[in-house]
Amino acid sequence: MKKFLSITATDLLQNFSVKKYGIAAAIICITCYINYFSGFKFWLRGEDFLFSLAWYFSLFFIFFLAGIFIEVKIVSFKNNLLLFLLFAAPFLFALKVATPFTRLLEVTDTYKHAFQQPASWLGGVILVSGLLLVIHRFTEGKWGLYGSKKTSSLSPYFFLILLMIPLLLWASMQHDFSLVYPRAKVITESLGNEAKPWHYVLFEAAYTSDFITIELFFRGFLIITLSRVLGKQSILPIALFYFSIHLGKPMFEAISSFFGGIILGTIAYQNKSIWGGWLVHVSIALLMELFGYLLHTA
């Protein structure tokens, strides 16, 4: 584990630049001010599919492109792989976010409200995994998923989880955290006394499945393919893209997602596997759910 952490720290320091990260920090600060304090929200609620798709594609594209410009300054649009990723990646994730999967559920409005998000998570797993399989077939010449190989060791990831616990406890005491977590409180709000234990289990299982989608996309597909063009310079653009998908979350979570994206992106760049990142992501998410239950639903 010491060797693994040493290599990770070395990679982070080698790729660090005050100027580059200063520009990224300025973008994040301006975005957070607009999103959390100005009354304007980047994350949509209740818009139709085509408008949402166009909006999210534009949002993700701008942050992804900004990150690439920060790293390389001049983008060569003659590179077919870079051009493909620049447009296909934001579109694919926008499709995942904008698709109204709950319309496929033939259930009452009460159950639709309770399970709207789990349906979106499970639908996203199917949609993104299926499309990434097709992309892998055409780019690699065989069926597969980027980053799905077994990771060499999980012990460094458990260390990262332990480091995160104090920060998660602090975040869980913030007011905006209580407005979002636990995510499964929507079951109680929608079903009331009809809520059963298996409803919560199903909700949390769907929640954890969503992180397979996220890790396959960001730490699998994007890290592996973009690094072929930019090498270690792929990590910051992907982290900014990753930050942009968290703008519907509490501000601390959105900001920390950028740094999480840098760390997990660096690790994924080294071992080309998503499973350690998935373990970290799921552990953090379930701890946030647990702290939400303990601190805000008593």
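From a predicted model like this one, the values you see are computed outputs, not experimental measurements. Along the sequence shown, residues carry numbers from 1.
Aromatic pair F60/W55: ring centres not closer than 6.0 Å. In this structure, F49 has its ring center at least 6.0 angstrom away from the ring center of F51. Taking the six-membered ring for Trp and the full ring otherwise, F63 and F243 have centroids separated by under 6.0 Å. Remark: aromatic rings of W170 and F252 are close, center separation under 6.0 Å.
Contact check for Y146 versus I223: no side-chain heavy atoms found under the 4.5 Å cut-off. Looking at heavy atoms from C-beta onward, Y181 lies in side-chain contact with E253 at the 4.5 angstrom threshold. With a 4.5 Å cut-off on side-chain heavy atoms, L122 and S209 count as touching. Side-chain atoms of Y242 and I245, non-hydrogen and from C-beta on, do get closer than 4.5 Å to each other. For the pair F241/L236, no side-chain contact is recorded, criterion being any heavy-atom separation below 4.5 Å from C-beta on. Proximity of F221 to L216: side-chain heavy atoms (C-beta onward) are nowhere separated by under 4.5 Å. Two residues are said to be in side-chain contact when any heavy atoms from C-beta on lie closer than 4.5 Å; L191 and H199 meet this criterion. Proximity of Y157 to I267: side-chain heavy atoms (C-beta onward) are separated by under 4.5 Å at one or more points.
For the pair K272 and Y269, the cation-pi test (distance below 6.0 Å, angle within 45°) is passed.
Take K41 and apply the side-chain contact (heavy atoms from CB on, under 4.5 Å) test, not counting sequence neighbours, and it matches N35.
Atom CZ of F40 has more than 12 neighbouring heavy atoms from other residues, nucleotides or ligands inside a 6.0 Å radius.
Residue L168 holds its CG atom at 8.5 Å from OG of S256, rounded to the nearest 0.5 Å. A distance of 11.5 Å separates CZ in F159 from CD1 in I161, rounded to the nearest 0.5 Å. Atoms CG and OG, from D176 and S178 in turn, are 7.5 Å apart once rounded to the nearest 0.5 Å. Atom-to-atom distance recorded for L240:CG and I68:CD1 is 10.5 Å, nearest 0.5 angstrom. Here the NE2 atom belonging to H136 is positioned 7.5 Å from the CD1 atom belonging to I224, to the nearest 0.5 angstrom. With values rounded to the nearest 0.5 angstrom, L145 atom CG is found 6.0 Å from S129 atom OG.
Using a cutoff of 4.0 Å between basic side-chain nitrogens and carboxylate oxygens, E71 and K20 are scored as salt-bridged. Salt-bridge check for D210 with R183: failed, with every basic side-chain N at 4.0 Å or more from each acidic carboxylate O.
Side-chain atoms of S190 do not come within 3.5 Å of backbone N or O of I187 as any donor-acceptor pair. No donor-acceptor pair under 3.5 Å is formed between the side chain of S172 and the backbone N or O of F291.
A tilted orientation is assigned to the rings of Y207 and F211, their planes being inclined by 30° to 60°. By the 30° and 60° cut-offs, the orientation of the rings of H281 relative to H246 is parallel.
In plain terms, the two heavy atoms of G261 and A239 that are nearest each other are C-CB, 4.0 Å. The two residues A254 and Y36 make their nearest non-hydrogen contact at CB-OH, 3.4 Å. Nearest approach of I255 to C32, heavy atoms of both residues: CG1-SG, 3.7 Å.
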Candidate pair W143 and F138, rule ring pair (Phe, Tyr, Trp, His ring centres under 6.0 Å), full reasoning = CA-CA 8 Å; W143 296 103; F138 282 97; 7.7 Å; no
side-chain contact (heavy atoms from CB on, under 4.5 Å) between I135 and T225, worked out = CA-CA 11 Å; I135 292 172; T225 54; over 6 Å; no
Any chance you could lay out the side-chain contact (heavy atoms from CB on, under 4.5 Å) test for F87 and F61, step after step, and finish with the verdict?
-> CA-CA 7 Å; F87 287 93; F61 177 84; 3.8 Å; yes
Under the side-chain contact (heavy atoms from CB on, under 4.5 Å) rule, what do L65 and F69 come out as? Steps first, then yes or no, please.
-> CA-CA 6 Å; L65 181 62; F69 272 125; 3.5 Å; yes
Step-by-step side-chain contact (heavy atoms from CB on, under 4.5 Å) determination, V128 to F93 | CA-CA 8 Å; V128 173; F93 209 84; 5.5 Å; no
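No hydrogens or angles considered: a donor-acceptor pair under 3.5 Å links the side chains of T188 and Y200.
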